[in-house]
Number of protein chains: 2
Amino acid sequence: MPAESEPGTAAQQDRRRRILDATVELASEGGFDAVQMRAVADRASVALGTLYRYFPSKVHLLVTALARELERANDAFERKPLAAPTAQDRVLHVLNRITRSLRKEPSLTEALTRAFMFADASASAETRAVVAQVHRMLLRAMRDPAAEAPSEPTGEQRAVAQVIGDVWLATLVQWVTGRATAADVGRSLEVAVGLLLRPSADR
Amino acid sequence: MPAESEPGTAAQQDRRRRILDATVELASEGGFDAVQMRAVADRASVALGTLYRYFPSKVHLLVTALARELERANDAFERKPLAAPTAQDRVLHVLNRITRSLRKEPSLTEALTRAFMFADASASAETRAVVAQVHRMLLRAMRDPAAEAPSEPTGEQRAVAQVIGDVWLATLVQWVTGRATAADVGRSLEVAVGLLLRPSADR
DNA sequence: GCATCGACTGAAACGTGTTCCTATTATGCA
DNA sequence: TGCATAATAGGAACACGTTTCAGTCGATGC
């Protein structure tokens, strides 16, 4: 019995993958404005109506693509151990890695970030998936990798992860909107992490 | 000699005010989607082309309206002293007041917040004005009102104000997008302020 | 008073997100 | 295999943000 969680036939899964791939390609090339629904449909070899059957709006489409990208990044992260001794160092390491890859793809970052920020309540399922991936990433970095059993995060850890995630998104918006440079993003995150994760207690 | 900083003739200033008033009215009634450029022009008794002469896009228009609302709120705040003994209490007091008024106008909040978050680099002057108002509000609350000379904020104070502002915007987005309730917004802010402004030192 | 110049009006037109409709194709079932 | 149903293709149509333009109005200088 196949334990696949993916719904639909193989052809449908392939259409969905093609659509998301086309979305990321167009976003990488020209940012939010270049992700035009007709262009996505064309590049994915799918009719416009079919695109709307799979994703009910441009925002749903882009936020879903963001969730998929974060999921991939998380899976890649989890294959490597985090060696740094303190939670602060580990969190900063992870954040710096992500920031570096965002800097390499500014148009893609702009497209995905603006879609996430513009999403309304109808896309809350998709935005929640994105937030869940961010928390997964941060909580893993905060957890002590030396501990044997991966314990449940404490309430304070969750709160700190939430705040760091908020700061991350806010600074990302500042970068995308031209109010801060990529270097500023890194600095802001370091400041926030420094304020929130004092190295004294490895909380 | 008039030291007016407002540019343009009286008629132009009046048109500009009518446009922003119409924007806030429509936003209060139906949120972001109800702020349609033709509707704004009609209600402000102005031609569509004139509206675009004053504000080059819907986002510019809404973010400018947000800056004006925040400016008004700040002016009102500054007429009352902040009596609470600690910076933490004063900041939470101010944030709670704002949150309460946002809760009373959910459609307006949705419209202004989404516009701010969706703004691209071409509106960075307008978004910067909004950020400046938020920082002004937070730094005033963090400052010790008992001190005689209103001293310049320290670097750490600025950093903390920045982080709190980031968290505020991020939680606002969560509320607007239906991922959190208004009560959650208050709680998140309390947690963040608690983490960032320990009552021990009145920093 | 009159000419000039910039701002405003009213309306048409365009681009892109979104919806809708019909013909065609794929899929599962008797 | 043949049929019923759903999914897809192709494309027209609509809504709203945005642009453009010809004509009108009002202030300013002569």
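To find a chain, count down the sequence lines: A is the first, B the second, and so on, and within it residues start at 1.
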Point to revise | Rounded distance in Å - CE (A:M37) to C1' (C:dT18) | key: 8 Å
Exercise for review: For A:Y54, report the nucleic acid contact type (base, sugar-phosphate, nothing); a contact means any heavy atom under 4.0 Å.
Suggested key: sugar-phosphate
Practice item. Taking A:D184 for its side chain and A:T181 for its backbone only, find out whether a donor-acceptor pair lies under 3.5 Å. Key: yes
Exercise for review: Would you kindly compare B:V59 and A:Q12 by the position of their nearest DNA chain D nucleotide and give the one closer to the 5′ end?
Suggested key: A:Q12
Practice item. Spell out, as yes or no, whether a donor-acceptor pair under 3.5 Å connects the side chain of B:T109 to the backbone of B:L102. Key: yes
**Study point:** Whole angstrom value for the distance that separates C1' of C:dT16 from CG of A:L61
**Key:** 15 Å
Check your understanding: Is a donor-acceptor pair below 3.5 Å formed from side chain A:R38 to base C:dT18, judging by atom type as modelled?
Key -> yes
Practice item. Using a heavy-atom cut-off of under 4.0 Å over every strand shown, decide if B:V35 touches base, sugar-phosphate, or nothing. Key: sugar-phosphate
Practice item. Rounded to the nearest angstrom, tell me the gap between atom CD in A:Q36 and atom P in C:dT18. Key: 12 Å
Review point. To the nearest Å, how far apart are B:F118 CZ and D:dG17 C1'?
Key: 11 Å
Review point. Contact class for B:T9 (heavy atom, under 4.0 Å): base, sugar-phosphate, or nothing?
Key: nothing
Practice item. Measure from the side-chain N and O atoms of A:R18 to the backbone N and O of A:A44, and report whether any donor-acceptor pair falls under 3.5 Å. Key: yes
Review point. Can you tell which of C:dC8, C:dT18, C:dT9 lies closest to the side chain of A:S57?
Key: C:dT18
**Study point:** Exercise: do A:Q133 and A:R136 side chains pair donor with acceptor under 3.5 Å
**Key:** yes
Point to revise | Interatomic distance, A:R18 CZ vs D:dA7 P [rounded to whole Å] | key: 17 Å
